[in-house]
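A quick write-up on the structure given underneath.
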Amino acid sequence: MKGLIWFRSDLRIDDNPALLNASKTCDELISIYFFSKFQWALHNESAVKLEFVHENLILLEQSLQKLNIPLLVIETQNYESLSSDLVSFAKLNSVDHIFWNNEFGVNEGKRDLAVTNLLNDSGINVTCFDDQVIYEPGYLRTGQGKPFSVFTPFKRRWIENFSLDFLNLEKATKPLKIPQLNSDLSPLNFPKKNAVDMTLWPAGEVSALERLSSFLANKVNSYNQSRNDPILDGTSRISPYLALGIISPKRCILEGLKLNNFELSSGNKGVCKWIDEIIWREFYRNIMHSFPKVSKNLPFQDYTKHIHWRYSEDELERFYSGNTGFPIIDAGIRQMLQEGWMHNRLRMVVAMFFTKNMLHDWRLGEKFFMQNLIDGDFSSNNGGWQWSSSTGTDAAPYFRIFNPITQSQNFDPKGEFIKKFIPELKDVPIAKIHQPKDDLFSSIDYPAPILNLKESRMRAIQAFKDAREVSGI
Ligand SMILES: Cc1cc2nc3c(=O)[nH]c(=O)nc-3n(C[C@H](O)[C@H](O)[C@H](O)COP(=O)(O)OP(=O)(O)OC[C@H]3O[C@@H](n4cnc5c(N)ncnc54)[C@H](O)[C@@H]3O)c2cc1C
C-alpha cells in the first residue's frame, strides 16, 4: 500500500502518530507540506516563524530521507486550492491512504473537512491523529457535561483522567521501500526577511531535545522561583519548537515526569509547575475548540464587546517600537523585536498595559504579537491577550491592573533586564531605573512616558464599568 503523510504543525519524526501509523501500515510513503502566503498573511504569521519553518523543513527532509520518505514542499493559493491540489497530487502518485495529525483552528477544521470529502469521493482513505494534546479537545467535560472555561477544574480533571499509558512514545525507524514519485522535488522557496538572530533558535528535533534536556537538567528544579524574573531566563524557551511541532507535548511531559517519579501533582514543585504550563496550552486549545467565537475576533466575555477602546496612531507607534517611556514595557517589546520571543511575565505586563492603561483593543495587540513572535500560536496568544484584557476565560478581574513600575521592581529588581534591552538607560541608578524618565535624566535619549498611570487606570476601570452597565450586569 502507498501512503501519503501530510505534515502541518508536526515537523518531527519522534512521537509523530501520523508518521508512525503510516509507516506501520504502508509499504511505501511520500510526505508533503503545503504553504500559502495568503493564508500566512491572513493568520498574521511572523517572518521569524516562517524562517524557522523553512529551516526545520530542510532538516525534516534529511531525516525523512533516511526512512526513504521523500518530502515535497508545495506552494498553494489558499486553503480552498489546497484541497484540490492535495487530491490531484494523491491521484497522480497513486496514493491509497493519507495520514495527518489534527490542527484545531476553525479554518483548519473547515479545510480538513473539505479535503476529507474530496478524498473519500476519490476512494482515498484518510486517518487522523491528535498529537498536540493528551485528550482530544472537548473530551474533558465539567460535571454538568459542559466544556471547561476555567483552568483549575480543567487541570484537576486532566490529572484525574491521566494514565502513563498515554506516554508510550514511539518513533518510526525502519526504512520503507523507495516510492515511485510522479511529481518533481522542487527546492524550498520561502520568503526570508527577518531581523532576528536565528542562532538563538537552532532548528531541528535534535536541538529541541537538547534544549529540553538542558532545561530539565539545569533549570526545572528552580523553575517555581525563577520563572517570573526575565533576566534569570529560568524557563525552557521550548515554545517555538512546540508551536511548529518540532517536539511533542507528550515528549516534554514524559521527560519531566521521569525526574519526578512519574508524579504529576506532588514531589518536585518545579516539574509540577512546568507541566501545569503545558496543561495551560492544552486548556487554550480546548477553549478554541469549544468556543469558536474566540477564533472569530470575538471576546469570550460577551459584555466586553461594549467597551469603547481608544485608538491613537501616535500611541500605537510608540508601543510597537518599544518607546512608551515605561522601561519594563519597552524592554519587553524590544526583547520580542530582537529575539522573536518575549518572557511570559512581560507578555502579561505588556498586554495589560496595552489594553488597560492605553485602553487599546486587545485584537490589535494580539495581531502585533503574532506578527513578531517565533512561537506565535493562535490559541495561546488569544488566550493570553484575552486573559490580560479581562475579556477572556479565567480572566483577570477588570479592576486588576498591573502597575508596570511595581512589576518592574518585583521581577527585575536590579533593572538588569531593562538595561540589557534599553542600553540608553545603562547608567541610570537602580532607584530610578523602573520609573519613567524624569528631569534628572533630561540628557538621556529615552522618551517621556506616554501616559499617566493613575489617570489611565481610572479611565480603564470606568470603561469596563460602562460596558457592564450597557449589558445590564
Ligand atoms: C499576551 C500573551 C501572549 C502569548 N502568546 C503566546 C504564543 O503566541 N505562543 C505561545 O506558545 N505562548 C504564548 N503565551 C504563553 C507563554 O507566554 C509562552 O508560552 C511562554 O512564555 C513560552 O516560553 P517557554 O517556552 O520558556 O515557557 P515555559 O515556562 O518553559 O513553559 C513550557 C511550555 O508551556 C506552555 N505555556 C507556558 N505558559 C503558557 C501560557 N500562559 N499559556 C499557554 N501555554 C503556556 C508553552 O508551550 C511553553 O513552551 C502568551 C502569553 C501571554 C500572556
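Numbering of residues begins at 1 and proceeds along the displayed sequence. Side chains included, hydrogens not; waters and symmetry mates left out as well; all remaining heavy atoms used.
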Closest non-hydrogen atoms of Thr76 and Ser81, given as atom of the first, atom of the second and distance, are OG1-OG, 2.8 Å
Would you check if the distance from the ring center of Phe283 to the ring center of Phe148 is below 6.0 Å? no
OH of Tyr33 to CG of Leu71, rounded to nearest 0.5 Å, is 10.0 Å
Problem - Ring centre gap for Phe215 and Trp274 strictly below 6.0 Å - result: yes
Any salt bridge between Asp131 and Arg12, counting N to O under 4.0 Å? yes
Note: Thr393 and Trp387 closest approach over all heavy atoms is O-CD1, 4.1 Å
* Evaluate the salt bridge (Lys or Arg N to Asp or Glu O under 4.0 Å) criterion for residues Glu315 and Arg318: first the C-alpha distance (whole Å), next the side-chain angles of each, then the deciding distance (0.1 Å), finally the verdict. => CA-CA 5 Å; Glu315 287 182 30; Arg318 287 185 57 179; over 6 Å; no
Closest heavy-atom pair, Asp130 versus Asn102, reported as atoms and distance to 0.1 Å, is OD1-ND2, 3.0 Å
By ring pair (Phe, Tyr, Trp, His ring centres under 6.0 Å), His434 pairs with (sequence neighbours left out) none
(Q) I want to check a possible cation-pi pair here: Lys110 against Tyr79, using under 6.0 Å from ring centre and within 45° of the ring axis as the test. (A) no
Ring centre gap for Trp280 and Phe151 strictly below 6.0 Å:
yes
In plain terms, say whether Lys437 and Asp445 are close enough for a salt bridge, that is, a side-chain N and a carboxylate O under 4.0 Å apart. no
In this structure, CD of Gln386 is separated from CD of Gln301 (nearest 0.5 Å) by 8.5 Å
Item to complete: Answer yes if the side chains of Asp233 and His343 hold a donor-acceptor pair under 3.5 Å, and no otherwise.
Response: no
Would Asp112 and Arg8 pass as an ion pair if we require N to O under 4.0 Å? yes
Would Glu282 and Lys250 satisfy salt bridge (Lys or Arg N to Asp or Glu O under 4.0 Å), going step by step from the backbone distance to the final call?
CA-CA 11 Å; Glu282 185 157 334; Lys250 285 187 183 169; over 6 Å; no
The side chain to side chain contact (heavy atoms under 4.5 Å, CB included) partner of Lys155 among Leu140, Asp276, Ile275 is Asp276
d(Asp96 CG, Cys26 SG) to nearest 0.5 Å is 7.5 Å
Result for side chain to side chain contact (heavy atoms under 4.5 Å, CB included) between Met336 and one of Phe369, Trp341, Phe421 points to Phe369
Practice prompt. Examine the side chains of Ser46 and Gln371 and answer whether a donor and an acceptor come within less than 3.5 Å of each other.
Written response: no
Ion pair check, Asp14 and Arg251, cut-off under 4.0 Å = yes
- Can we call the ring centroids of Phe353 and Phe319 under 6.0 Å apart? no
For the aromatic rings, using the six-membered ring if either is Trp, is the centroid distance between Tyr241 and Phe52 under 6.0 Å? yes
> Does the separation of the ring centres of Phe411 and Phe417 fall below 6.0 angstrom?
Replying inline: no
Any salt bridge linking Arg237 with Glu339? Criterion: basic side-chain nitrogen under 4.0 Å from a carboxylate oxygen.
yes
task = Identify whether the distance between the nearest side-chain nitrogen and carboxylate oxygen of Arg363 and Asp361 falls below 4.0 Å.
result = yes
d(Ile13 CD1, Leu64 CG) to nearest 0.5 Å is 4.0 Å
Sequence neighbours excluded, the answer for ring pair (Phe, Tyr, Trp, His ring centres under 6.0 Å) partners of His360 is Phe354
Applying side-chain contact (heavy atoms from CB on, under 4.5 Å), run through Val126 and Trp100 and close with a yes or a no.
CA-CA 8 Å; Val126 177; Trp100 68 69; 3.5 Å; yes
Could you tell me whether Glu75 and Lys37 make a salt bridge, using a distance below 4.0 angstrom between a side-chain N and a carboxylate O?
-> yes
Margin query: What I want to check is whether the side chains of Asp377 and Ser379 have a donor and an acceptor closer together than 3.5 Å.
Written below: yes
